[in-house]
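The next block holds one structure in the form of structure tokens; read it before the comments.
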Amino acid sequence: MSTAADMKSVAFLLLVVLTDGVSCDVCTYQDVLDYLNLTTSNNVFKLTRPVLDHRHTTVVKLNIILFAILGVVEKTQTFVPFVWSLTRWNNERISWNPDKFCGISQISVPKNLLWKPDLLIFEMIQKDDSPQVQTLIISYDGTVSMDENLRVFSTCHMDVHKFPFDTQECNISISSANHCIDEMRIIPISNSTRATQFSHQVIRTQGEWEFLHLTVSSQNFSFDERKWEMVTYAFTIKRRPLLHVINFLLPVLFFLALDLASFFIADYRGEKLSFKVTVLLSISVLLLILNEILPSMSNKTPLIATYCIVIFALMLVSLLETILVTYLMDKDSQEKLNHECSWRDKSNQVNTKSCEEENKGQTCCSRICTMSDGEEQHELLPVVEEGNNGIHTPESNTLLSILEELKKLQTALFLHLNCRKKQGNSSCWARRINRAFFIFYLITVLLFLSFIFREWNS
Ligand SMILES: *[C@@H]1O[C@H](CO)[C@@H](O)[C@H](O)[C@H]1NC(C)=O
Ligand SMILES: *[C@@H]1O[C@H](CO)[C@@H](O)[C@H](O)[C@H]1NC(C)=O
Ligand SMILES: *[C@@H]1O[C@H](CO)[C@@H](O)[C@H](O)[C@H]1NC(C)=O
Ligand SMILES: *[C@@H]1O[C@H](CO)[C@@H](O)[C@H](O)[C@H]1NC(C)=O
């Protein structure tokens, strides 16, 4: 009884399936095209906006996803993203019942068979000649989907004030070229969150730039009393600064450190001067690199230019200060030398000319000191000489060694005092200037660096 009922229901189900699924034996895509009368010679589908009533609006849905950042050129202010765009609109002339065509719900057809929306990218400055997908897909309900891979050469206003720690925002604005808002609407499919998420998933190459987010917005603009709808995709990208830091910022800092360290080179012969000039020249070589990487146009002076110029200026000032100090020291030693020579002329009948040949202050000073040291020895400590000839008791030996020590001490003291006394007025000034300038220089450098790095960070 129950088996018979089961058999009956199974048979019924089978019948339903048979009558529903196998209404026709074989269907081809061409059957659908024939049904639609969609042929290459049929211009009905190509020429005009596909609406059956001219008051109908064509709604174009748009999705744009970033695939790669192919180039960002600050000098020409161009941004070249590689995007994937999906456009979807409704063609009122197309519709069929999939049930009548073995369930065929969509067909792909060549692009040139159908009308396509005349979308325009405002920022695009160069035609894209990369290979394109040549087909689009039509659905039974009249929805047409078109995929495109676009290399967009777009113009983008870039602000390089914070180079190389900058973030840029470049827009791609899409609107219809001819159809105003009551004829065509353009609606983004994904919101900003979704578009950003999707772009992060598919992005392949980023190179120097890191993709941060994609913001989708839509606005209406009017022109000649007509209104258009425009969808704007704003790509926010951030530069990876590492290369520029290693290539440029750090070397400049190193040279600055070298310049600071050069204050500890004791110099009376101009070695310090040549060292500083070398460091300054190295910085100017780096400035050439900067010229290559930085675009000339910018409303505000780029921070990196300020960084370079101020450091260059600081080093220049320090070089000038060294020149001044060297000059003062030179002048002093010259005076001393003249004084010494006239003194020697009187006492020793030494030729002034021979003295001028060795006209370097430091050697002259030390020579004078050692010379006078030798002379004074005999006069100041005659006891030692005499004591050397006497009897050697342990006490006298101890005394002698103490005397020896005292003698050394006296000599050193005398040498020191003599040299201090002989050091001239301008030499003293040079020392003071040097010390004060070093402190000033160090403070300025620290203040400036903290200022500029704070600016870069903000
Ligand atoms: C199909 O298109 C051709 C060419 O435009 C036309 O001559 C023909 O009448 C159309 N057939 C139907 C059924 O619409
Ligand atoms: C990009 O588009 C946004 C939103 O429409 C706008 O606020 C911004 O100024 C545009 N940026 C540029 C560089 O045109
Ligand atoms: C964006 O769209 C996703 C789904 O596509 C939705 O979950 C999310 O809430 C939307 N975000 C905003 C800010 O509208
Ligand atoms: C643009 O105009 C359309 C139709 O008038 C309106 O629905 C839409 O909200 C407008 N969009 C904006 C951003 O004002």
Side-chain angles (χ1 to χ4, degrees), residues 36 38 43-67 81-96 105-124 127-128 130 132-152 154 170-196 198-199 202 214-235:
L36 295 172
L38 184 57
N43 282 334
V44 170
F45 287 95
K46 303 181 207 170
L47 296 183
T48 54
R49 196 161 58 86
V51 282
L52 298 176
D53 179 344
H54 81 280
R55 285 165 300 187
H56 286 183
T57 310
T58 302
V59 177
V60 177
K61 291 184 175 166
L62 185 70
N63 208 9
I64 282 194
I65 277 148
L66 182 69
F67 238 67
F82 190 66
V83 297
W84 172 72
S85 88
L86 170 68
T87 327
R88 212 180 267 160
W89 65 93
N90 194 50
N91 190 323
E92 292 182 3
R93 287 181 195 283
I94 296 174
S95 83
W96 73 87
S105 60
Q106 56 184 31
I107 312 174
S108 95
V109 294
K111 262 184 181 172
N112 55 8
L113 280 188
L114 294 174
W115 174 92
K116 293 178 291 297
D118 52 347
L119 294 185
L120 188 77
I121 297 178
F122 277 74
E123 287 85 2
M124 193 124 159
K127 199 170 163 287
D128 175 30
S130 55
Q132 293 294 335
V133 182
Q134 289 306 321
T135 55
L136 34 75
I137 290 174
I138 54 176
S139 294
Y140 68 94
D141 59 352
T143 308
V144 184
S145 313
M146 183 168 71
D147 264 330
E148 269 178 315
N149 287 324
L150 281 176
R151 188 166 42 159
V152 187
S154 67
C170 290
N171 284 358
I172 289 184
S173 312
I174 299 163
S175 169
S176 164
N178 297 307
H179 299 287
C180 49
I181 198 160
D182 37 325
E183 289 173 351
M184 192 194 285
R185 297 280 318 263
I186 303 170
I187 307 222
I189 297 176
S190 308
N191 59 23
S192 304
T193 327
R194 189 72 197 99
T196 305
F198 203 30
S199 293
V202 299
L214 180 54
T215 311
V216 188
S217 63
S218 157
Q219 63 255 31
N220 297 336
F221 73 97
S222 37
F223 180 71
D224 255 7
E225 291 175 6
R226 298 212 300 166
K227 234 164 62 168
W228 277 269
E229 186 158 39
M230 183 166 79
V231 175
T232 303
Y233 286 84
F235 300 87

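These numbers were taken from a predicted model, which means no experiment stands behind them.
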Next on the checklist: Quick one, Val152 and Ile172 - any side-chain contact, counting heavy atoms below 4.5 Å?
Outcome noted: yes
Checklist outcome for this item: Distance col, row Phe82:CZ vs Ser130:OG, nearest 0.5 angstrom, shows 5.5 Å
Item to check | Any Lys227 side-chain heavy atom under 4.5 Å of Ser222 side chain | outcome: yes
Checklist entry - What distance separates Leu62 CG from Ser85 OG, expressed to the nearest 0.5 Å? => result 6.5 Å
Checklist entry - Which value, rounded to the nearest 0.5 Å, describes the distance between Glu229 atom CD and Ser218 atom OG? => result 4.5 Å
Item to check | Within 6.0 angstrom of Lys61 NZ, more than 12 heavy atoms from elsewhere | outcome: no
Checklist entry - Do the side chains of Ile181 and Trp228 get nearer than 4.5 Å, heavy atoms only? => result no
Next on the checklist: Keeping Asp128 on the side-chain end and Arg151 on the backbone end, is there a donor-acceptor pair under 3.5 Å?
Outcome noted: yes
Checklist entry - Which heavy atom in Asp182 sits nearest to a heavy atom in Thr57, and how many Å separate them? => result O-OG1, 3.3 Å
Item to check | Close side-chain approach of Ile107 and Leu38, heavy atoms under 4.5 Å | outcome: no
Item to check | Residues Ser176 and Asp118: side-chain donor-acceptor under 3.5 angstrom | outcome: yes
Checklist entry - Looking at Asp53 and Arg55, does any basic side-chain N land under 4.0 Å from a carboxylate oxygen? => result yes
Checklist entry - How close do Thr232 and Gln219 get, heavy atom to heavy atom, and via which atoms? => result OG1-NE2, 3.5 Å
Checklist entry - What are the two closest non-hydrogen atoms of Met146 and Trp89, and how far apart are they? => result CB-CZ3, 4.0 Å
Checklist outcome for this item: Taken to the nearest 0.5 Å, the spacing of Phe45 CZ from Leu113 CG works out to 9.0 Å
Next on the checklist: Please determine whether side-chain contact (heavy atoms from CB on, under 4.5 Å) holds for the pair Leu114 and Lys46, giving the CA-CA distance in whole Å, both sets of side-chain angles, and the decisive distance to 0.1 Å.
Outcome noted: CA-CA 5 Å; Leu114 294 174; Lys46 303 181 207 170; over 6 Å; no
Item to check | Test log, rule side-chain contact (heavy atoms from CB on, under 4.5 Å), inputs Val60 and Thr87 | outcome: CA-CA 7 Å; Val60 177; Thr87 327; 3.4 Å; yes
Next on the checklist: Distance to the ring centre below 6.0 angstrom and angle to the axis at most 45 degrees; does that hold for Arg226 and Phe223?
Outcome noted: no
Next on the checklist: Ignoring hydrogens, what is the shortest heavy-atom contact between Arg49 and His54? Give both atom names and the distance.
Outcome noted: NH2-O, 3.2 Å
Next on the checklist: Between Glu123 and Ser173, is the side chain to side chain donor-acceptor pair (under 3.5 Å) condition met? List the steps.
Outcome noted: CA-CA 7 Å; Glu123 287 85 2; Ser173 312; 2.9 Å; yes
Checklist outcome for this item: Nearest heavy-atom contact between Ile64 and Tyr233 is N-OH, 3.6 Å
Checklist entry - Under 3.5 Å, is there a donor-acceptor pair between the side chain of Thr196 and the main chain of Leu214? => result yes
Item to check | Gap separating the OG atom of Ser105 from the CG atom of Asp141, nearest 0.5 angstrom | outcome: 9.0 Å
Next on the checklist: Would the distance check show the side chain of Ser192 and the main-chain N or O of Val216 forming a donor-acceptor pair, the cut-off being under 3.5 Å?
Outcome noted: yes
Checklist outcome for this item: Interatomic distance, CZ@Arg93 vs CG@Leu36, rounded to 0.5 Å, equals 12.0 Å
Checklist entry - Should Met230 and Phe122 count as side-chain neighbours, where that means a heavy-atom distance under 4.5 Å? => result yes
Checklist entry - Is it true that atom OH of Tyr140 has more than 12 heavy atoms of other residues, nucleotides or ligands lying nearer than 6.0 Å? => result no
Checklist entry - When you look at Leu47 and Trp115, which way does the side-chain contact (heavy atoms from CB on, under 4.5 Å) test go after all the steps? => result CA-CA 6 Å; Leu47 296 183; Trp115 174 92; over 6 Å; no
Checklist entry - Can you find a pair of side-chain heavy atoms, one from Pro50 and one from Glu92, that are under 4.5 Å apart? => result no
Checklist entry - Got Asn90 and Val59 here, is their nearest side-chain heavy-atom distance under 4.5 Å? => result no
Item to check | Derivation and outcome, side-chain contact (heavy atoms from CB on, under 4.5 Å), residues Phe221 and Ser175 | outcome: CA-CA 10 Å; Phe221 73 97; Ser175 169; 3.8 Å; yes
Checklist outcome for this item: Correct closest heavy-atom pair for Ile138 and Trp96 would be O-CH2, 3.8 Å
